[in-house]
Amino acid sequence: MQKVIDLRRDTITLPTEEMKRFAFQAPLGDSVYGEDPMQNELEALAASLLGKEASIFLPSGTMGNLIALLVHTNRGDEVILEENAHIRTSETGGIGAVAGLMVRAIRGEDGAPDPEDIRRAIRPKDIHYPRTRLICLENTHYRYGGIVPPLSKLQAIKKLAEEEGLRVHLDGARLFNASVYLGIPAKDIAACADTVMISLSKGLGAPVGSLLAGPRELIEEARRYRKMLGGGMRQTGWLCACGIVALSPGNIARLAEDHRNARLLAEKLVEIEGFEVDLSKVQTNFVLLYIRRRNLTAYRLAALLKEKGVLVTPVSETVVRFVTSKEVTREDILAAVDTVKRVLEYETKT
Ligand SMILES: *Cc1c(COP(=O)(O)O)cnc(C)c1O
């Protein structure tokens with residue numbers, strides 16, 4: 001049977017042998033009572049990597065972002081975020097339904113709104129207006145293809161927030177991809193925010209889990225919300241042990257391999273007639289392919305590739321998303337490109 005080459009997501013990653021060995025001999029305790037040794041160790045490790053006082057282990061990134069919204073705001077407050085932020089587009093409307101917040105969306109195609117646009121969006125003090133409370137950032141930015149917004153821009157936003165008395169939350173589901181891309185420690189990026197969420201279960205390869213890091217007082221409050229939302233798990237040691245391996249320096253550095261594979265894929269795809277890729281935006285482990293061929297939609301291409309064992313995500317009529325991860329080797333990338341060429345040849349003949 002031919003190997004399926006799965007370029008849909010980096011959440012398909014499976015735990016490494018090292019994770020499994022470390023996990024299954026881990027001591028366990030009831031983490032709701034703070035007695036799971038691995039969870040305590042993971043939370044301390046994440047806090048130190050992110051340069052924050054404390055962190056909390058959570059079942060998902062969505063819960064991490066939602067709890068961040070809850071600890072920073074009161075119901076009816078307004079949150080400023082980039083128009084295509086994951087919190088706005090892909091978290092089931094929890095920002096409105098659960099946190100009870102107003103959303104002020106600003107477009108920023110390099111992955112973050114311009115500080116001046118943010119300044120203009122801040123509500124004046126007036127009894128009629130919601131209170132602007134929080135700015136949410138995202139790095140890497142998912143919908144723009146895993147791009148890394150300029151660090152200087154994020155720093156300017158943090159400065160503005162301090163001047164205006166606003167808080168900043170960073171959705172850093174792929175923060176370590178950004179850190180590897182920029183060649184700087186993750187904490188230098190996390191410094192642009194009061195709280196930061198990271199995912200262990202994407203490129204880093206752990207089976208489950210995210211962390212929310214920030215000031216101790218807010219993380220204590222986050223523990224209450226985790227319980228309220230049903231995220232208080234018990235013997236989490238196996239998962240947290242995987243998380244500790246996921247955050248090891250070697251495992252973080254390995255993300256560079258995914259970035260190299262994405263670049264290789266992009267460079268091969270742009271050589272194909274009627275295919276466009278903005279190579280300047282292939283920065284981490286995503287490739288957005290723009291199809292400029294008559295009679296070929298992204299949906300059709302994805303369906304043809306699927307028949308040949310290559311899985312990709314059509315995100316609109318004309319755009320296909322490819323995501324690299326540790327489950328996909330350099331050889332797989334070259335094989336996937338061959339498959340793309342073969343199905344195109346077949347399409348033009350018939
Ligand atoms: C995946 C993702 C999340 C949510 O994480 P889940 O663990 O899937 O809930 C949040 N933000 C971004 C940018 C993501 O890619």
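Each ligand, and each atom within it, is numbered from 1 in the order the structure gives.
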Pairs of nitrogen or oxygen atoms, one from ligand 1 and one from the protein, closer than 3.5 Å: please tabulate them with distances.
from: ligand 1; atom 1: 7 (O); to: G61; atom 2: N; distance (Å): 2.8
from: ligand 1; atom 1: 9 (O); to: G61; atom 2: N; distance (Å): 3.3
from: ligand 1; atom 1: 9 (O); to: T62; atom 2: N; distance (Å): 2.8
from: ligand 1; atom 1: 9 (O); to: T62; atom 2: OG1; distance (Å): 2.6
from: ligand 1; atom 1: 11 (N); to: H86; atom 2: ND1; distance (Å): 3.3
from: ligand 1; atom 1: 11 (N); to: D171; atom 2: OD1; distance (Å): 3.0
from: ligand 1; atom 1: 11 (N); to: D171; atom 2: OD2; distance (Å): 2.6
from: ligand 1; atom 1: 15 (O); to: R174; atom 2: NH1; distance (Å): 2.8
from: ligand 1; atom 1: 15 (O); to: K202; atom 2: NZ; distance (Å): 2.9

- Message: With clusters defined by side-chain heavy atoms of hydrophobic residues (ILVMFWY) lying less than 4.5 Å apart, directly or transitively, does L45 cluster with I252?
- Response: yes
- Item | Value rounded to 0.5 Å, distance of CG in D171 from CD in E91 | 6.0 Å
- Salt-bridge test for E221 and R223: reply yes if a basic N is under 4.0 Å from a carboxylate O, no otherwise. no
- Matching residue for T339 among L304, V310, I5 - test: side-chain contact (heavy atoms from CB on, under 4.5 Å): V310
- Message: Quick check for you: to the nearest 0.5 Å, what is the distance between T195 atom OG1 and L218 atom CG?
- Response: 7.0 Å
- Kindly write out the residues that satisfy side chain to side chain contact (heavy atoms under 4.5 Å, CB included) with R294, not counting sequence neighbours, or none if the list is empty. none
